[in-house]
Asks: 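Dropping the structure in here first, questions after.
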Amino acid sequence: AIDQLPSRVNLARHIAPENYALERERIFRRAWLIVGHTQQLPHKGSYFVYDIPTFKYSLLVVRGQDDQVRVFHNVCRHRGNKLVRDTAGTRPGFACNFHGWGYNTEGKLRLITDEKQFDDCDKSRLDLVPITSEVWNTFIFVNFEAKPHCTLKEWLGELYGQYDNYFEH
């Protein structure tokens with residue numbers, strides 16, 4: 001039977017861009033991916049930037065003033081520029097370097113520079129775009145589906161409760 005195997009495996013079809021695009025959408029977009037650890041966010045206002053080349057996304061992971069961990073697209077809603085350019089730190093909020101639009105650590109748009117120039121601008125519709133995220137035993141997970149096909153608990157299965165109280169909270 002071994003002599004019936006092809007002498008060479010054609011890798012071209014396995015690494016073709018169209019196959020990568022399918023894998024990206026059918027596997028990685030649906031998966032729960034670890035992006036960090038809550039110890040990277042020790043204080044209210046702590047943040048870090050996490051880039052995901054697979055999707056060409058830059059994420060802003062932040063502990064809000066309400067102590068909740070949230071993940072947003074690291075993009076200002078005004079012109080689509082990268083909002084936070086440094087890799088980590090602690091601040092009470094974020095301001096875009098382009099036109100100075102300001103967001104708080106919960107992702108709410110709080111300041112529009114020269115707001116009078118924007119007729120009928122509804123600030124409540126221009127908050128940072130959140131990414132579905134959950135914290136499990138101090139690990140921060142994200143899912144890029146608009147409505148994930150399963151919860152993080154379902155994704156992790158038996159592993160979910162196996163390490164309760166093992167990690168520091």
Side-chain angles (χ1 to χ4, degrees), residues 14-15 17-78 80-97 101-111 123-169:
H14 297 288
I15 60 172
E18 57 273 11
N19 286 339
Y20 175 66
L22 283 173
E23 286 178 2
R24 184 179 60 235
E25 295 305 312
R26 292 183 181 167
I27 298 171
F28 295 109
R29 186 172 301 279
R30 298 172 44 100
W32 284 92
L33 306 171
I34 294 176
V35 295
H37 195 275
T38 57
Q39 289 180 350
Q40 293 172 264
L41 305 170
H43 310 289
K44 294 176 181 178
S46 294
Y47 67 92
F48 63 89
V49 172
Y50 188 89
D51 293 327
I52 300 190
T54 303
F55 295 105
K56 298 180 182 168
Y57 288 165
S58 179
L59 308 182
L60 176 60
V61 184
V62 62
R63 182 179 297 277
Q65 299 304 317
D66 61 358
D67 215 28
Q68 290 287 314
V69 173
R70 293 178 178 84
V71 182
F72 303 102
H73 285 279
N74 185 18
V75 175
C76 178
R77 295 296 302 273
H78 179 219
N81 288 323
K82 194 172 190 177
L83 180 63
V84 179
R85 296 187 181 276
D86 53 341
T87 57
T90 302
R91 344 176 158 165
F94 306 96
C96 180
N97 288 333
W101 282 33
Y103 300 87
N104 68 15
T105 56
E106 287 75 37
K108 300 287 181 204
L109 176 61
R110 293 294 180 215
L111 173 70
K123 279 200 274 190
S124 69
R125 298 180 54 123
L126 297 170
D127 295 337
L128 295 178
V129 177
I131 306 244
T132 302
S133 63
E134 285 189 43
V135 174
W136 170 76
N137 282 327
T138 70
F139 293 100
I140 304 165
F141 284 80
V142 296
N143 186 292
F144 294 113
E145 286 186 303
K147 291 186 178 187
H149 71 285
C150 68
T151 65
L152 178 60
K153 183 176 183 176
E154 292 168 334
W155 179 264
L156 292 174
E158 290 179 24
L159 184 66
Y160 190 83
Q162 193 171 3
Y163 294 100
D164 285 352
N165 302 316
Y166 181 79
F167 301 98
E168 285 184 39
H169 291 275

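Only this structure's heavy atoms are used, side chains among them; waters, hydrogens and symmetry mates stay out.
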Asks: When you measure from the side chain of Glu106 to the backbone of Gln65, do you find a donor-acceptor pair of N or O atoms at a distance under 3.5 Å?
Replies: yes
Asks: Answer yes or no: is there a side-chain heavy-atom contact under 4.5 Å between Phe48 and Thr87?
Replies: no
Asks: What are the two closest heavy atoms between Thr132 and Ala146, and how far apart are they?
Replies: OG1-O, 4.2 Å
Asks: Taking side chain to side chain donor-acceptor pair (under 3.5 Å) as the test, write out the residues that go with Glu25, two or more places apart.
Replies: Arg29
Asks: With sequence neighbours left out, write down each residue that passes ring-ring contact (aromatic ring centres under 6.0 Å, His included) with His78, or none if nothing qualifies.
Replies: His99, Trp101, Phe118
Asks: Could you note down all residue pairs passing salt bridge (charged side-chain N to carboxylate O under 4.0 Å, His left out) where residues 54-64 supplies at least one of them, sequence neighbours left out?
Replies: Arg63-Asp67
Asks: So, for Ile131 and His73, which heavy atoms are closest and what is the spacing to 0.1 Å?
Replies: CD1-NE2, 3.2 Å
Asks: Between Val129 and Val75, is a side chain to side chain contact (heavy atoms under 4.5 Å, CB included) present by the stated rule, with each step listed?
Replies: CA-CA 8 Å; Val129 177; Val75 175; over 6 Å; no
Asks: Examine Phe72 together with Tyr103 and report whether their ring centres are nearer than 6.0 Å.
Replies: no
Asks: Which residues satisfy the salt bridge (charged side-chain N to carboxylate O under 4.0 Å, His left out) test with Lys44, sequence neighbours excluded?
Replies: none
Asks: Partners of Tyr47 by ring-ring contact (aromatic ring centres under 6.0 Å, His included), sequence neighbours excluded?
Replies: Phe94
Asks: Can you tell me how far apart CZ (Arg70) and CG (Leu41) are? Round to the nearest 0.5 Å.
Replies: 12.0 Å
Asks: Tell me if a side-chain donor or acceptor on Asn143 pairs with a main-chain N or O of Arg30 at a distance below 3.5 Å.
Replies: yes
Asks: If the condition is side chain to side chain donor-acceptor pair (under 3.5 Å), which residues does His43 pass it with, not counting sequence neighbours?
Replies: none
Asks: Does any part of the side chain of Phe144, heavy atoms only, come nearer than 4.5 Å to the side chain of Tyr57, both counted from C-beta?
Replies: yes
Asks: Can you find a pair of side-chain heavy atoms, one from Ser58 and one from Val49, that are under 4.5 Å apart?
Replies: yes
Asks: Can you name the residues that form a side-chain contact (heavy atoms from CB on, under 4.5 Å) with Asn97, not counting sequence neighbours?
Replies: Arg85
Asks: Sequence neighbours left out, what passes ring-ring contact (aromatic ring centres under 6.0 Å, His included) with Phe28? Give chain and number order.
Replies: none
Asks: I'd like to check Leu59 versus Asn74 (side-chain heavy atoms, cut-off strictly below 4.5 Å). Are they in contact?
Replies: no
Asks: Taking all non-hydrogen atoms of both residues, which atom of Gly102 and which atom of Leu109 are closest, and how far apart?
Replies: O-CD1, 3.3 Å
Asks: Mark yes or no for whether Trp32, through its side chain, and Pro148, through its backbone, hold a donor-acceptor pair below 3.5 Å.
Replies: no
Asks: Please enumerate all residues that pass side chain to side chain donor-acceptor pair (under 3.5 Å) together with Lys108, with sequence neighbours excluded.
Replies: Asp127
Asks: Once ring-ring contact (aromatic ring centres under 6.0 Å, His included) is applied, do any residues pair with Tyr20, and if so which ones, sequence neighbours excluded?
Replies: none
Asks: Just to verify, what does Ser124 make a side chain to side chain donor-acceptor pair (under 3.5 Å) with, not counting sequence neighbours?
Replies: Asp122
Asks: I need the Phe139 CZ to Gln39 CD distance, nearest 0.5 Å.
Replies: 9.0 Å
Asks: Report, one line per pair, each donor and acceptor closer than 3.5 Å where one atom sits in a side chain of residues 153-161; sequence neighbours left out.
Replies:
from: Glu154; atom 1: OE1; to: Thr151; atom 2: N; distance (Å): 2.8

Asks: Nearest 0.5 Å, please: how far is CD1 in Ile34 from CH2 in Trp136?
Replies: 7.5 Å
Asks: Quick one: does Gln40's side chain get under 4.5 Å of Ile140's, heavy atoms only?
Replies: no
Asks: Return the minimal non-hydrogen interatomic distance between Ser133 and Val71, and the atom names on each side.
Replies: CB-CG2, 3.7 Å
